[in-house]
Amino acid sequence: MTEVYSVPAELAKSAWIDAETYAAWYERSIQDPEGFWAEHGRRIDWIKPFTKVRDVSFSGDVHIRWFHDGSLNVAANCLDRHLATRGDQTAILWEGDDPNESAAITYRDLHERVCRLANAMTALGVAKGDRVTIYLPMIPEAAVAMLACARIGAIHSVVFGGFSPDSLAGRLQDCASSLLITADEGLRGGRKVPLKANADKALETSGSVRNVIVVKRTGGAVQMTAGRDHWYHEITQAAAPTHQPVEIDAEDPLFILYTSGSTGKPKGVLHTSGGYLVYASMTHQYVFDYHEGDVYWCTADVGWVTGHSYIVYGPLANGATTLMFEGVPNYPTVSRFWEVIDKHKVTIFYTAPTAIRALMREGEEPVKKTSRASLRLLGSVGEPINPEAWTWYHRVVGDDRCPIVDTWWQTETGGILITPLPGATPLKPGSATRPFFGVKPVMVDAEGKVLDGAVEGNLCIAESWPGQMRTVYGDHERFVQTYFSTYKGMYFTGDGARRDADGYYWITGRVDDVINVSGHRMGTAEVESALVAHPKVAEAAVVGYPHEIKGQGIYAYVTLVADEEPTEELRKELVNWVRKEIGPIASPDLIQWSPGLPKTRSGKIMRRILRKIAENQFDALGDTSTLADPGVVDDLIENRMNRA
Ligand code: ATP
Ligand code: MG
C-alpha cells in the first residue's frame, strides 16, 4: 500500500492554490483554454498586447503559436519591470565552488550588467535572430549572457560547461553561431575546467563564429586571438550602462537547447518568447508556491532546461531571489547542499534524484548535523524518483515537514507538465501526481488507442500549452517525425506512465525501456525501485536482453552502498527480494555489480548503453558524446554477464 502524505494544514492556508482552486482552474483550463490562457497570458508585460491566444495544429501542417500578435521583451520582464519596486532586492544569490566565495546581485545591478553586455554585443554586430552560444560555468555572467541575448533578440544556445570540445563544436555548427561567450576556466569541486582551451579547439571546426567573449573567472593563462577574442570585463566596461530593450514578437525564438542525449543524438529544441515566459513564470509561482521573501534554490546547471526555466527565466520574471551554485554536492564535503541551505536560509530547494541517491549513500549524519530549519518545500526533477529515495528526502532532508514536488517535464515542454501543487495535492512517493493547468495527458496503447481509467500506457499530451517547443532548429521534419507521427494528433512524450484510480500519474521510464517478460510488460523503473529499496543497494539500472524462453530477460546493474561487498549470497538475496516486492515475473535473471553507472552529463542513467552491453553488442553503443564518464562503460563491458 502506498502511503499518502496529506497537504499540511498550515501550508494550505497560505498557498496560492488549494485543492478547490486546483479543481476549478484545471476544469476551466481544459473547457475554455482560450479564456484561461488569455487571462494568465497577462501575467507578463507586453509591449503590444496580444489579441490572439493560440493557433495550433498537431497534425498535417504541424505548427504551434501562442499569443502570436503580441510583442514583448523577455529580459525587460525579468529586470526592468522590477526596478521600481525591488531594485535593491537580491536577484541572484551566487554561491561559489569555494565555500568562502559568494555574492548577492541586486535587480538594479543585474539590469546594468545585462544592459552593458547587450550594448557590447550589439557593437560586435550581433543582432536579432543571430545565434549566440554560451559555454560558461555557473557564474552570474551565464544569466547575464542569456538575458543580454533576450534583450537584443539574439537566440542563445547554452552548452553545459562540462562538455568536450567535440560536443561544443557540434552544437556551434548545428545552429551556426556567430558569437561564443565563454570563460578562461571553470571551477568545480576544486578542479579547474579549461573552458577557453576547449573552446579554441572547438573553434578550429566552427567557421561561423566571428567573435568570442571571455569572462575572467580564475585568471588562469589563456590564448587570446587578436581581432576575435575579447575580454568580457573590458568590453562591458567600455559599453553604456543603459539599453533600450528590442521589441520582440511573441513567436520570435528565445533559445535553442540540445536535449541531454539519453536516448540518442541530442535534438536542438527551439523555444520562443511569449508563451515560454508565461508558462515558465506561472509554473514557477504555483508549483513551488513561490511567495515574496522566499529564497529559492534550483541546483541544476544553466546548461539544462531546468536551469533555463527555473534558475533564470521563471524566478526572475517573478521577481524572486534565485540561488546559483557553482559547485558540486560533495565538495568540500557531502554536507555541502545542506550547509548552503543554512548559510543562505533557503526556503525552496529543487534538485535531481541522482543527487539524492548519491547523498543517501553517505548516510543520514552529514544531513542531520545541519539545521535546514529555513526549508519549507522540496522538489525533484530529471528521472523517476524511487519511493525509497523520496521517503529519505522527505524524512531526512525535510524533517517530515516539507512537501516534495516531483515534477515531470522535458526540454521539449519548456516547463513542468505533471506535478503536485503543494497546497492542493496529497503526495504519493514516486508519483508525479496530476497535470498542471491546461495540460491534458492521455494514455495510449501501442496501436494508438486512447485508454481510460486506471491503466498503463504511453504518455501523450492532447492539447498544446504555451511553453511547448515549436520546432527542432533547422529540421522541422524531425520535429514532426519525433513527436507527432507515432500517434495521430497528439504530442508523444516518449515516456511510459501508469495512471492509478485517483488519476495520479506514475512515470515508468522511457517507452523504449519497457521490457516484456513472458508476455508481461513492465517498466524498468519499478524493478529498479524494488532493488533500491534494499538497504545494501545504492543505485540500480534495469534493462531487457534477449531470452530464449521468456522473450526478454531482466538484466540488473547494481551499485552497492559504501562499504558493502558483492557476494554470491547477496546476489541471491536481491533476486529473492525483488520476487517478494513485485513478484516472480520481475526477478532479475542477471545481476552485474557495477561500481558506477553510465550517466549523461546531467546525471541521468543512460539505459540505451546498458541495453547494448546486456545484449552483448557493446561494439555498437551509438552516440556517447554526452556521457559523463566513459571509463565506467569499459568496466561494465569487461565484467558483462551475458556473453552469449
Ligand atoms: P534525450 O531526449 O536527448 O534522450 P532526455 O530525455 O534525458 O534526453 P531531458 O529533456 O533533459 O532529456 O529529460 C526529459 C526526460 O527526463 C523525460 O522525458 C523523462 O524521461 C525524464 N524525467 C524528467 N523528470 C521526471 C520526473 N519527475 N519523473 C520521471 N521522469 C522524469
Ligand atoms: Mg527526451
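Remember, it's 1-based here, ligands and their atoms both numbered in the order they're listed.
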Regarding ligand 1, does T259 bring an N or O atom to under 3.5 Å of one of the ligand's N or O atoms? yes

Looking only at N/O atoms, are T411 and ligand 1 under 3.5 Å apart anywhere? yes

To the closest 0.5 Å, what do you measure between NE2 (H156) and CD1 (I181)? 10.0 Å

Going by the order shown, which atoms of ligand 1 are within less than 4.0 Å of some heavy atom of [X]?
{"X": "T407", "answer": "24 (N), 25 (C), 26 (C), 27 (N)"}
{"X": "K267", "answer": "2 (O)"}
{"X": "K604", "answer": "7 (O), 9 (P), 11 (O), 13 (O), 14 (C), 15 (C), 16 (O)"}
{"X": "P384", "answer": "28 (N), 29 (C), 30 (N)"}

For G382, state whether at least one heavy atom is located under 4.0 Å from any atom of ligand 1. yes

Quick one: do the [X] and [Y] side chains pair a donor with an acceptor below 3.5 Å?
{"X": "Q592", "Y": "Y555", "result": "yes"}
{"X": "Y504", "Y": "R498", "result": "no"}
{"X": "R376", "Y": "T347", "result": "no"}
{"X": "T413", "Y": "Y491", "result": "no"}

Indicate, with yes or no, if the rings of [X] and [Y] have centres closer together than 6.0 Å.
{"X": "F479", "Y": "F484", "answer": "yes"}
{"X": "Y310", "Y": "Y296", "answer": "no"}
{"X": "Y483", "Y": "F492", "answer": "no"}
{"X": "Y276", "Y": "F255", "answer": "yes"}
{"X": "F337", "Y": "W297", "answer": "yes"}

May I ask you to identify the nearest protein heavy atom to [atom], giving residue, atom name and distance to one decimal place in Å?
{"atom": "atom 6 (O) of ligand 1", "answer": "R510 NH1, 3.0 Å"}
{"atom": "atom 11 (O) of ligand 1", "answer": "S260 OG, 3.0 Å"}
{"atom": "atom 19 (C) of ligand 1", "answer": "D495 OD2, 2.9 Å"}
{"atom": "atom 28 (N) of ligand 1", "answer": "E383 O, 3.3 Å"}
{"atom": "atom 7 (O) of ligand 1", "answer": "S262 OG, 2.5 Å"}
{"atom": "atom 4 (O) of ligand 1", "answer": "T263 OG1, 2.4 Å"}

Checking heavy atoms under 4.0 Å, the part of W304 that sits near ligand 1 is neither

At a non-hydrogen distance cut-off of under 4.0 Å, which region of A432 contacts ligand 1 (side chain, backbone, both, or neither)? neither

